[in-house]
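Source: prediction; values computed, not measured. By convention in this document, chain letters (A, B, ...) are assigned in the order of the sequence lines, proteins followed by strands, and residues within each chain are numbered from 1.
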There are 2 protein chains.
Amino acid sequence: MTEPRTLLAADLDSQTLRVVRAIADTGSITAAAARLGYSQPAVSQTVRRLEQRLGMPVLTRVPRGALLTEAGDILARHAATVLRSIDSAAEELAKLAGLRTGWVRIAAFPSASSTIVPRLIERMSADYPGLRFRYIEAEPPEAVQTVRDHTADIALTFSYPGDPDDPHGASAAGLTATPLWREDMILILRRDAGAGLSPDASPLALDSLAGAGWIAGCPRCRGHLLHLCAAHGFTPSIDYETDNVSAVLAMVEAGLGVALLPSLALASVPLPANVVARHPATPDSRTVHLVSAEASHRVPAIAATIAAIDALDTSAWGLATARS
Amino acid sequence: MTEPRTLLAADLDSQTLRVVRAIADTGSITAAAARLGYSQPAVSQTVRRLEQRLGMPVLTRVPRGALLTEAGDILARHAATVLRSIDSAAEELAKLAGLRTGWVRIAAFPSASSTIVPRLIERMSADYPGLRFRYIEAEPPEAVQTVRDHTADIALTFSYPGDPDDPHGASAAGLTATPLWREDMILILRRDAGAGLSPDASPLALDSLAGAGWIAGCPRCRGHLLHLCAAHGFTPSIDYETDNVSAVLAMVEAGLGVALLPSLALASVPLPANVVARHPATPDSRTVHLVSAEASHRVPAIAATIAAIDALDTSAWGLATARS
DNA sequence: TCGGCGGCATAACACCGGGTTATGCTGGGC
DNA sequence: GCCCAGCATAACCCGGTGTTATGCCGCCGA
């Protein structure tokens with residue numbers, strides 16, 4: 001004769017409620033067991049355990065089945081609410097799993113904003129109409145930081161060869177950084193500036209521009225330019241600094257200098273008539289990376305987005321698959 | 001790498017939801033564990049199991065705690081509903097257990113309707129204002145049947161000594177029948193009828209009424225009368241039959257005959273002026289029983305009612321505690 | 001920059017809740 | 001009076017869900 005301690009909500013788990021509800025619906029333990037896919041004793045014992053936890057009977061056994069007691073009625077009534085809520089939770093989760101809902105937050109560098117990102121989101125939205133997206137434009141270090149602090153799920157970054165703080169530095173945390181594409185660096189100069197140097201569309205020796213004025217962009221891009229020129233034996237005179245690609249082109253067009261731009265930056269703005277793009281004689285490139293939290297790969301919407309990034313056709317932007 | 005099968009609602013038990021909710025509230029696994037009274041690994045593992053059932057992460061681990069993912073958000077949101085519902089079920093059950101709510105259905109024989117039953121319900125209502133009662137008047141066999149088929153929780157019955165179908169016959173089922181009180185049988189006759197026989201208030205030999213006309217009530221009462229008279233060597237002439245006590249008294253008053261009534265029957269109607277009640281010289285009694293379903297004794301409201309019946313002061317009705 | 005600390009994960013283990021099959025009992029209907 | 005439907009019990013088994021002990025990692029403060 002165990003002392004019936006005070007009732008705890010912990011005594012009521014959803015499994016038990018499911019059983020009570022099945023009995024209420026079917027009117028017998030045996031039928032409830034059949035409906036739930038259990039053996040009859042399983043249900044019988046579940047009820048018995050419940051009853052001894054509650055300290056009072058939940059159902060009265062009658063010759064052809066079982067009737068709920070008042071306590072059983074209470075349980076069955078609330079079971080409806082509980083199970084309905086659990087079912088709808090399961091349904092929402094199934095929608096997440098089935099990519100019929102979900103958010104994906106993306107961070108990327110400026111020149112991706114007008115190329116890769118819109119194409120990606122367009123594609124994903126077409127394939128999975130339920131998914132929603134957020135986008136934050138950020139330079140690589142900040143973009144990685146957004147992933148690290150869970151402000152974004154996915155970051156697109158770039159790194160120059162030999163870059164000390166390239167995105168791989170992030171992999172120490174739970175982050176992964178995988179190279180996506182190799183992006184050619186292209187020299188931008190006024191048509192007449194390079195006129196005497198070599199035929200129009202052919203590669204151009206970098207050091208032939210040693211004496212030119214230079215227009216540079218973000219700090220890391222400027223750093224790369226300095227590094228690259230040093231390897232070619234000169235120090236560029238960087239006279240103008242701007243991140244703005246249109247501004248760079250206008251400056252070049254105005255004859256203020258030359259620039260070294262990644263091909264993505266050129267993909268979304270038309271080249272002014274008397275401005276030309278020439279590959280350096282010794283090819284130069286940077287690499288676009290995808291940075292994401294390891295754990296997030298199990299989030300269906302994020303995994304699908306990553307897959308879509310991999311599947312993007314980037315040939316129009318001058319991107320080549322990265323060999324890592 | 002287990003294949004993430006489709007999500008089942010069965011994967012979501014209330015215990016897990018409780019954990020998710022605690023994490024959502026506290027912001028860390030450790031704090032949630034403390035709040036739930038678990039060890040930290042218990043919660044950690046609960047989450048891990050949940051995640052592998054869902055096939056997607058539920059929370060993202062951050063340096064100083066954990067953040068919910070979208071899936072975790074869904075769970076936490078529904079957990080609120082589920083747990084609220086479970087809590088309110090527990091609360092209602094606690095009210096049942098605490099006798100602050102509940103129904104008790106009573107069946108009893110007619111002469112209890114105007115004596116024991118109102119007193120009992122009055123008493124119970126005073127002690128437990130939340131309890132509600134239903135009452136059905138029924139002769140013993142029917143009253144036992146109401147308990148058997150769960151139309152009533154408690155039946156008050158009576159049985160005459162040697163009664164073949166007394167309530168004990170019911171004990172074969174899950175029913176119990178316990179004797180409560182011994183109820184004296186009393187002879188009712190007109191003052192002048194017994195005048196020459198013995199002093200007014202003294203016991204009266206039954207066979208002194210052998211020649212009188214008799215007024216009898218319910219079938220079992222009539223049966224008892226026949227049995228009793230046979231033991232005294234005569235067969236009564238039963239001229240009138242009615243269950244109605246007032247009618248019996250009026251008939252006696254009118255000189256139509258004499259009657260043998262249980263003391264409870266006399267408790268609620270005044271004896272007409274020229275009608276007297278006399279004990280038989282050889283005392284005769286019947287026994288009042290309580291019949292109830294074994295299992296119902298664990299129902300608090302019913303147990304309390306039975307206790308209240310035991311505690312009733314029945315001296316005013318001429319009932320003596322039964323010796324079983 | 002290094003040690004302390006807060007927080008999570010993992011390992012190893014124990015328990016019992018909750019399932020199974022086999023079987024018995026009871027009450028009702030043909 | 002026998003058969004059948006339905007519930008209970010026994011005996012057993014497994015895995016979910018706790019426990020403690022321990023390790024790793026990232027942050028913070030001296």
Side-chain angles (χ1 to χ4, degrees), chain A residues 10-20 22-23 26-53 57-69 72 145 148-150 169-175 293-295, chain B residues 2 10-20 22-23 26-53 57-68 72 144-145 147-150 169-175 293-295:
Chain A
D11 292 332
L12 305 175
D13 60 310
S14 54
Q15 181 61 9
T16 303
L17 291 178
R18 210 177 291 279
V19 167
V20 170
I23 295 174
T26 62
S28 92
I29 289 181
T30 301
R35 181 163 115 171
L36 296 171
Y38 291 149
S39 65
Q40 170 264 318
V43 174
S44 181
Q45 290 177 104
T46 298
V47 171
R48 186 163 56 80
R49 282 190 300 266
L50 172 62
E51 287 179 330
Q52 65 195 27
R53 277 191 302 234
V58 166
L59 39 91
T60 63
R61 282 68 171 173
V62 296
R64 288 292 178 208
L67 279 167
L68 295 188
T69 63
Q145 186 55 31
R148 191 190 304 278
D149 65 18
H150 303 98
S171 51
L175 304 189
E294 179 84 47
Chain B
T2 54
D11 291 332
L12 304 175
D13 60 309
S14 56
Q15 182 61 9
T16 303
L17 291 178
R18 208 178 292 279
V19 167
V20 170
I23 295 173
T26 62
S28 93
I29 289 181
T30 301
R35 180 163 116 172
L36 296 171
Y38 291 148
S39 66
Q40 171 265 318
V43 174
S44 180
Q45 291 178 103
T46 297
V47 172
R48 186 163 55 81
R49 282 191 300 266
L50 173 63
E51 287 179 330
Q52 63 195 28
R53 277 191 302 234
V58 165
L59 38 92
T60 63
R61 282 68 172 175
V62 295
R64 288 292 178 209
L67 281 168
L68 296 188
V144 169
Q145 186 54 32
V147 175
R148 190 191 305 276
D149 64 18
H150 303 99
S171 51
L175 303 188
E294 181 85 44

Contact under 4.0 Å: B:S39 side-chain N or O vs D:dG18 OP1/OP2: no

Are the side chain of A:T26 and the backbone N or O of A:A31 linked by a donor-acceptor pair below 3.5 Å? no

Quick check: any donor-acceptor pair below 3.5 Å linking the side-chain of B:Q45 to the base of C:dA9? no

Any sub-3.5 Å donor-acceptor pair from B:E51's side-chain atoms to B:V58's backbone N or O? yes

At less than 4.0 Å, is any side-chain N or O atom of A:S44 found next to OP1 or OP2 of D:dC7? Yes or no. no

Measure the distance from CD on A:Q40 to C1' on C:dT20 and round it to the nearest whole Å. 12 Å

Closest nucleotide among D:dC7, D:dT19, C:dG18 to the A:D13 side chain: C:dG18

Does the side chain of B:I29 reach to within under 4.5 Å of the side chain of B:V43, using non-hydrogen atoms? yes

Given atom CZ of B:R53 and atom P of D:dT17, what is their separation to the nearest angstrom? 6 Å

Provide, to the nearest angstrom, the distance between the CD1 atom belonging to A:I29 and the C1' atom belonging to C:dT26. 14 Å

Which is true for A:A66 with a 4.0 Å heavy-atom rule: it touches a base, it touches only sugar-phosphate, or it touches nothing? sugar-phosphate

Taking the side chain as everything from C-beta on, heavy atoms only, tell me whether B:L12 gets closer than 4.5 Å to B:L50. yes

Under-4.0 Å side-chain N/O to phosphate OP1/OP2 contact, B:R61 with C:dG7: no

Whole-Å distance separating the CG atom of A:D149 from the P atom of D:dG26: 15 Å

What's the OH-P distance between B:Y38 and C:dC15, to the nearest Å? 18 Å

Per nearest nucleotide of DNA chain C, the residue lying toward the 5' end, B:A31 or A:T16, is B:A31

To the nearest Å, how far apart are A:Q15 CD and C:dG18 P? 8 Å

Distance-minimising heavy-atom pair for A:H150 and B:R61: CE1-O, 4.0 Å

Shortest side-chain distance from A:P41, nucleotide among C:dT20, C:dG7, D:dA5: C:dT20

Just to confirm, is there a sub-4.0 Å distance from OP1 or OP2 of D:dT17 to any side-chain nitrogen or oxygen of B:R49? yes

Would you indicate which nucleotide in C:dG18, C:dA9, D:dG18 comes nearest to any side-chain atom of B:T46? D:dG18

Nearest whole Å is fine: how far is D:dC24 P from A:E294 CD? 19 Å

How many whole angstroms separate atom CD of B:E51 from atom C1' of C:dA9? 12 Å

Given D:dC7, C:dG28, C:dT20, the nucleotide with the shortest approach to the side chain of A:T30: D:dC7

